[in-house]
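Right, one structure below, let's go through it.
In this chain, residues are counted from 1 in sequence order. As a basis for the values below, the full set of heavy atoms in this structure was taken, side chains included, without hydrogen atoms, waters or symmetry mates.
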Amino acid sequence: QRAFYVEGGSYVASNLAEVQHSGYDANLHGIYATSDVTIENNVIRLTENNPVGIYAGPNSIARNNTIENTSSGGNWAIIAASGTQILNNTVLNNQNGITLSSVTQQTLVQGNVFKLSGGTGIDVSSNSLVRIFNNTLIGNTGGTGLNVYSNSHPTVHNNIIGNFSSVINAQSEIYDLLYNDVYGNTANFSGPGLPATAGQLVTINDKGSPSDIYSNISLYPSFTNTSLNDYSLQASSPCIDAGDPAIVDPDGTVSDIGAYFYDVGRTPYNVKIDTTYDATIKISWDALVSDSLQGYNVYSKQSTANDYVYQ
């Protein structure tokens, strides 16, 4: 009933799991991780309505996985327990995205793309304090983007939520609802747990776009190619540099809204300097897939000199 059942402290990566089942079975999963498991770079294909893609047990990490549903139905793509990190996953054509119940504030949902056939993008319940940062949630004109209830209090920053019947249903108080882009929804915000005047576009943000007092905007994000499930941002996107200024993107600029940041190529990412060589300094950095730069000019100076010299 589970393609992969993984015990605590394990690592499961780079697998293909196909799950076929037409009847209801609560124990049917592509990957079931008990606790302290890293689940990375797997592809899980759900061909019927009821399987769960990934169950991430307490303190597990689910990162860079793809969950596809060929039936346009589906249970939850991801069920996450307390202390988990759900990072940079892609969910395509499933009915529901991720559900979190009774989770602590150490639980993080970040950098995920959920393109759903209906249902709920993120469901938060039972005294949960999850952090929800920089996700892209795309519905199919129905369902709810973010559903919060049962005394849960998430922190919600830098997310794109579009094409749902309701973008956020807050039956419990959302502690922070900042720097999000909600667009194309029948109703943007509802529920008694919303911050006062959330969604009322009475001011402008730092980019000059109409926003509420929490810098939430309601503009089409200018995705690159939605027909190919490419939800990266074009250069004209109002989401670029419109995120939380306390968060810095890898290119050194103010954070963007959504799962993918737009790289303007200003700063090398993750610079490493090695001075172990005799009279030599080795400088390296990580390449970015979206980076169009071919290299950088390096300048240096002695601590007593006034000017930098090109090397």
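- Side-chain atoms of Asp230 and Asn225 include no donor-acceptor pair closer than 3.5 Å.
- With a 4.5 Å cut-off between side-chain heavy atoms of Ile, Leu, Val, Met, Phe, Trp and Tyr, the cluster of Leu16 takes in Val43.
- The main-chain N or O of Gly83 is found under 3.5 Å from a side-chain atom of Thr107 such that the two form a donor-acceptor pair.
- One finds the CG atom of Leu100 at 6.5 Å from the OG atom of Ser128 (value rounded to the nearest 0.5 Å).
- If you check the side chains of Asn158 and Ser255, you find a donor sitting under 3.5 Å from an acceptor.
- Note: Asn151 CG to Asn127 CG = 4.5 Å, rounded to the nearest 0.5 Å.
- Side-chain contact check for Tyr149 and Asp123: at least one donor-acceptor pair (N or O, by modelled atom type) lies under 3.5 Å.
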Verify side chain to side chain contact (heavy atoms under 4.5 Å, CB included) between Ile138 and Phe223, making sure each step is shown before the conclusion. CA-CA 11 Å; Ile138 307 299; Phe223 293 125; 4.0 Å; yes

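- Within the 4.5 Å cutoff, side-chain heavy atoms of Tyr11 are placed close to those of Thr38.
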Does the pair Ile168 and Ile174 meet the rule for a side chain to side chain contact (heavy atoms under 4.5 Å, CB included), with working shown? CA-CA 10 Å; Ile168 295 177; Ile174 296 177; 3.7 Å; yes

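- Between the side chain of Asp249 and the backbone N or O of Asp256 there is at least one donor-acceptor pair closer than 3.5 Å.
- Between the side chains of Asn147 and Asn169, at least one donor N or O sits under 3.5 Å from an acceptor N or O.
- Ring geometry for His153 versus Tyr175: interplanar angle under 30°, hence parallel rather than tilted (30 to 60°).
- Of the candidates Asn134, Asp244, Ile132, Asp244 is the only one forming a side-chain contact (heavy atoms from CB on, under 4.5 Å) with His157.
- Under a hydrophobic clustering in which Ile, Leu, Val, Met, Phe, Trp and Tyr are joined whenever their side-chain heavy atoms come within less than 4.5 Å, directly or via other members, Phe133 and Val109 fall into different clusters.
- Cluster annotation: Tyr262 is connected to Ile160 through the hydrophobic network of ILVMFWY side chains, with a link wherever side-chain heavy atoms come within less than 4.5 Å.
- Criterion: ILVMFWY side-chain heavy atoms under 4.5 Å apart, direct or through other members. Under it, Ile257 and Val254 are not part of a common hydrophobic cluster.
- A donor-acceptor contact closer than 3.5 angstrom links the side chains of Asn229 and Lys115.
- Under a 3.5 Å cut-off, the side chain of Asp212 and the backbone N or O of Tyr214 do form a donor-acceptor pair.
- With hydrogens and angles ignored, the 3.5 Å screen pairs a side-chain donor or acceptor of Asn205 with a backbone N or O of Ser209.
- The two residues Ala198 and Leu177 make their nearest non-hydrogen contact at CB-CD2, 4.1 Å.
- Inter-residue side-chain proximity for Pro154 and Val130 is flagged as met; some heavy-atom pair is nearer than 4.5 Å.
- Judged by distance alone, the side chains of Thr224 and Ser232 do bring a donor and an acceptor atom under 3.5 Å apart.
- Sparse packing is recorded around OH of Tyr308, with 12 or fewer heavy atoms of other residues, nucleotides or ligands lying under 6.0 Å away.
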Using a 3.5 Å cut-off and no angle test, enumerate the donor-acceptor pairs between side-chain atoms of residues 61-68 and protein atoms at least two apart in sequence or in another chain.
{"from": "Arg63", "atom 1": "NE", "to": "Glu40", "atom 2": "OE2", "distance (Å)": "3.0"}
{"from": "Arg63", "atom 1": "NH2", "to": "Glu40", "atom 2": "OE2", "distance (Å)": "3.4"}
{"from": "Asn65", "atom 1": "OD1", "to": "Asn41", "atom 2": "N", "distance (Å)": "3.3"}
{"from": "Asn65", "atom 1": "OD1", "to": "Asn42", "atom 2": "N", "distance (Å)": "2.9"}
{"from": "Asn65", "atom 1": "OD1", "to": "Asn42", "atom 2": "ND2", "distance (Å)": "3.0"}
{"from": "Asn65", "atom 1": "ND2", "to": "Ile39", "atom 2": "O", "distance (Å)": "2.9"}
{"from": "Asn65", "atom 1": "ND2", "to": "Arg63", "atom 2": "O", "distance (Å)": "3.2"}
{"from": "Asn65", "atom 1": "ND2", "to": "Asn89", "atom 2": "OD1", "distance (Å)": "3.0"}
{"from": "Glu68", "atom 1": "OE1", "to": "Arg45", "atom 2": "NE", "distance (Å)": "3.4"}

Test Asn94 against Leu46 for side chain to side chain contact (heavy atoms under 4.5 Å, CB included), laying out the working first. CA-CA 8 Å; Asn94 206 60; Leu46 310 175; 3.8 Å; yes

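- Below 30°, between 30° and 60°, or above 60°: for Tyr32 and Tyr5 the angle between ring planes is below 30°, a parallel geometry.
- A continuous path of hydrophobic side-chain contacts links Val19 to Val12 [ILVMFWY only; heavy atoms under 4.5 Å].
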Taking it one step at a time, do Ile122 and Leu137 satisfy side chain to side chain contact (heavy atoms under 4.5 Å, CB included)? CA-CA 9 Å; Ile122 299 178; Leu137 312 179; 3.9 Å; yes

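- In this structure a side-chain-to-backbone donor-acceptor pair under 3.5 Å is missing from Thr203 to Ser211.
- A single hydrophobic cluster is not seen to contain both Tyr179 and Leu233; linkage of ILVMFWY side chains at heavy-atom distances under 4.5 Å, directly or through other members, places them apart.
- Under the 3.5 Å distance criterion, with hydrogens and angles disregarded, a donor-acceptor pair is assigned to the side chains of Ser82 and Thr104.
- With a 4.5 Å cut-off on side-chain heavy atoms, Asn96 and Asn75 do not count as touching.
- Within the 4.5 Å cutoff, the side chain of Ile78 has no heavy atoms near those of the Trp76 side chain.
- When side chains are defined from C-beta on, Asn163 does not count as touching Asn140, because their heavy atoms never get closer than 4.5 Å.
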